[in-house]
Amino acid sequence: MNRLAFSTLGCPDWSLEQALDAARRYGYDGLELRLLDGQIVEPSLPREERERVARLFAESELPLCCLDSSIRVATGAEPDAVERDLRAFLQLAHDLRAPLVRVFSGEWPAGWAPERVFDTAADLLNRVTPEAERLGVALVLETHDAAASAKSVAEILRRVPSPAFGALWDTHHPYRMGESPDEVLDLLGARLLHVHVKDARRDEAAANGWQLVLLGEGEVPVRESLAALKRRGYDGWVSVEWEKKWHPEIPGPEVAMPQHEKLLRQWLGE
C-alpha cells in the first residue's frame, strides 16, 4: 500500500511539532514540508534550524517525504539566481534527509512558443541535476502553471534524462486540462516520483474558476487516479495538498486531514 503524507501547506497555524503530532494521530506515514512553523521554507534556513527540523522528524519517527520550493524553472527570469536557489534547496533537502525537492515551471512568458519554454527549463535543470545526483536528491516538476498538463511535463522530462529529475502529479491540474488518469500515467511513466491529491469542483464565483472541497465532494477523479496508480505498480508517496494557506475559507486541518486519510485508505484498499 502507498504511504500517505500531508503537506504543511494545509496547517498554516501549526508549528512543526504540532504538524508531526497530528500526522501520527491521524494515521499518516510521513509529512511534506511547504511551511515551517507557518512560514514558507527558504533555502537560506540557518544551520541550527536545519538541525532542529531534522531532530524533530527523527524523534517523531516520521519521514520527510518531500521539500516544497517555490522555484520556477521555465520562465527564463534571472537564471543565475534560480540556479543558485535550486542548488541551495538541494543542499537543504540533503541536510533534512528529504529525497525530493518540488519545483514549478512558472507561467509562460508572453510571446514564447512552447518549445522555447521546454528548452529553457531543460537547460537549467540539466545544469543542476549532476549536483542532485551527487546529493542523492531528486527534483520533481509539478503539473502546475504552464506545465499544468502531463503532456507539457513529459516534454521537459524528455529533455532532461537524469534519474535525479522526475514528475509530481497534482491530480487536479491535468484533469482541468482534459487529461484522464491513464493518459497522465502513459505520459509520465516511470518518471513519476510523487503524487499530490486534492478535490475541487467548478465554481464561476471562485477566483480561478474552481472551489477546493473535501475529498469526494468534488469532481476531480482522485479515486480513479489511485486505481490507475495501483494498476501501474506505483509505490511512491501519495500526499494531501490541502491549500489552507492560500484559501483560508476552506475547512481547517483538524477537519480535512483525518477526512482525507480515512477516505484515501479506503480507496487505496479497493
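These figures come from a predicted structure and were not determined experimentally. Numbering starts at 1 and runs along the sequence shown.
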In this structure, are over 12 heavy atoms from other groups packed under 6.0 Å from [X] atom [atom1]?
X	atom1	value
Glu59	CD	yes
Lys245	NZ	yes
Glu78	CD	no

So, are [X] and [Y] salt-bridged, with charged N and O less than 4.0 Å apart?
X	Y	value
Asp123	Arg116	no
Arg52	Glu17	yes
Arg47	Glu51	no

By side-chain hydrogen bond (donor to acceptor under 3.5 Å, both in side chains) - contacts of [X] (at least two apart):
X	answer
Arg97	none
Glu270	Arg223
Arg176	His173
Gln211	none

Closest heavy-atom pair and its distance - [X], [Y]:
X	Y	value
Pro221	Tyr175	CD-CD1, 3.4 Å
Glu179	Lys151	OE2-N, 3.2 Å
Leu124	Glu83	CD1-CB, 3.8 Å
Ala23	Leu31	CB-CD1, 4.4 Å

Quiz item: Under 3.5 Å, is there a donor-acceptor pair linking the side chains of His172 and Glu241?
Solution: no
Practice problem: For Arg231, enumerate each residue passing the salt bridge (charged side-chain N to carboxylate O under 4.0 Å, His left out) test, keeping only those at least two apart in sequence or located in another chain. | Solution: Asp182
Quiz prompt | For Lys244, salt bridge (charged side-chain N to carboxylate O under 4.0 Å, His left out) partners two or more places apart | solution = none
Please check this pair: side chain of [X] against backbone of [Y], looking for a donor-acceptor N/O pair closer than 3.5 Å.
X	Y	value
Ser105	Ala147	yes
Arg201	Glu217	yes
Asp119	Arg159	no
Trp108	Ala146	yes
Asn126	Val160	no

Practice problem: Determine the interplanar angle of the Trp14 and Tyr26 rings, folded into 0 to 90°, and report it as parallel if under 30°, tilted if 30 to 60°, perpendicular if over 60°. | Solution: tilted
Self-check item: Heavy-atom check, side chain of Asp68 versus side chain of Thr8, under 4.5 Å
Solution: no
